[in-house]
Novice: 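The structure under discussion is supplied below as structure tokens; questions concerning it will follow.
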Amino acid sequence: MRETAARATSSGPGRVLIAVYAIFALSATARATVQIATKFTEAPLAYLLSALAGVVYIVATIGLAGHGPGYRRLAWAAVGFELVGVLVVGTLTVLDTADFPDDTVWSVFGRGYGFVPLVLPIVGLAWLHWTRAPR
Amino acid sequence: MIQALVVVVWIALAALAVFGIATTASNRPPGRPHKIVTSVVVALLLVQAMIAAVRVFGGVQLPESTTFLIYLVVSVCVLPIGLQFATAEPTRWGGAVLAVAAIATGVVVWRLQDLWVVGGA
């Protein structure tokens, strides 16, 4: 491997990260699908948000698992969006729970998921930074 | 669900997670021991899934039987996929990947336990 190349995000500890992302992609998407299919009218905003989170996790998993600058950009965008999402939704749900009658993955900074949704994007961004091409 | 079996499954999953993390910590790539240990745990999960499925299809009423059955399938599938992914690259991190899969399966079993609310049974 040349010194100037970025290291693969899908190698070494990156595989552990991808495993966690894949599990969140599966669980968030499955949860949103069930919510939207069975009780969409109860809390449309929260369920659409669940679906969006699921898609973001899927895209992040693909970005981290793929090779090359395109996948790396995809991963940056998805993981960055994920961090913004969990911070915004987390803050909104802490301040005012009325608009979120049903929990999403990102509610209260991911409390329902052991706060992993809050830690995950930070680790993800750190890993993307760590494996980037040296200048 | 059988309470005693759930406890056994949980202990097996915890042991697998600890084993995986231990091999990562001691810089050992995944190998035959990982495959054997994972197979044993998957066998336990299969037994649990078959007993639960037989009881659901045999007439046990659950409030969310579809969700329960989906979780049941997931509980068996995560570890084999995780093992595949863990052994695909022979580095120390394979064990940690297995540990993640084991912990996720533990959460799934916990959800199964939650969904198993039967009137009496």
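The shown structure was predicted, so the numbers you read here are calculated from the model rather than taken from an experiment.
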Novice: Whether the side chain of A:Arg15 engages the backbone of B:Phe85 through a donor-acceptor N/O pair (distance < 3.5 Å, no angle test) should be reported.
Specialist: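 Yes, because the side chain of A:Arg15 sits within donor-acceptor range (under 3.5 Å) of the backbone of B:Phe85.
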Novice: Heavy-atom count check: over 12 atoms from other residues, nucleotides or ligands less than 6.0 Å from A:Phe109 CZ?
Specialist: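 Enclosed.
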Novice: Which atom names give the shortest non-hydrogen contact between B:Thr91 and A:Gly12, and what distance separates them?
Specialist: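 In terms of heavy atoms, the two residues are closest at OG1-CA, 4.2 Å.
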Novice: Hey, any chance B:Ile103 and B:Val6 share a hydrophobic cluster, counting ILVMFWY side chains that come within less than 4.5 Å of each other, even indirectly?
Specialist: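 B:Ile103 does not cluster with B:Val6.
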Novice: Side chain, backbone, both or neither: which part of A:Thr38 has a heavy atom under 4.5 Å from chain B?
Specialist: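 The answer is neither part of A:Thr38.
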Novice: Quick check: is B:Ile11 connected to B:Val47 through a chain of hydrophobic side chains (ILVMFWY, heavy atoms under 4.5 Å apart)?
Specialist: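 No; tracing contacts between hydrophobic side chains, which count when under 4.5 Å, never links both residues.
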Novice: Measure from the side-chain N and O atoms of B:Glu89 to the backbone N and O of A:Ser11, and report whether any donor-acceptor pair falls under 3.5 Å.
Specialist: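 No: the side chain of B:Glu89 does not pair with the backbone of A:Ser11.
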Novice: Measure the OG1-CD1 distance between B:Thr105 and A:Ile23 for me, rounded to the nearest 0.5 Å.
Specialist: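 Output value for this atom pair is 7.0 Å.
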Novice: Taking everything shown except A:Arg111 itself, do over 12 heavy atoms lie less than 6.0 Å from its CZ?
Specialist: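 At most 12 heavy atoms, drawn from other residues, nucleotides or ligands, come within 6.0 Å of this atom.
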Novice: Applying the 4.5 Å side-chain criterion to the ILVMFWY set and letting contacts propagate, would A:Val119 and A:Leu87 be lumped into a single cluster?
Specialist: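 A:Val119 clusters together with A:Leu87.
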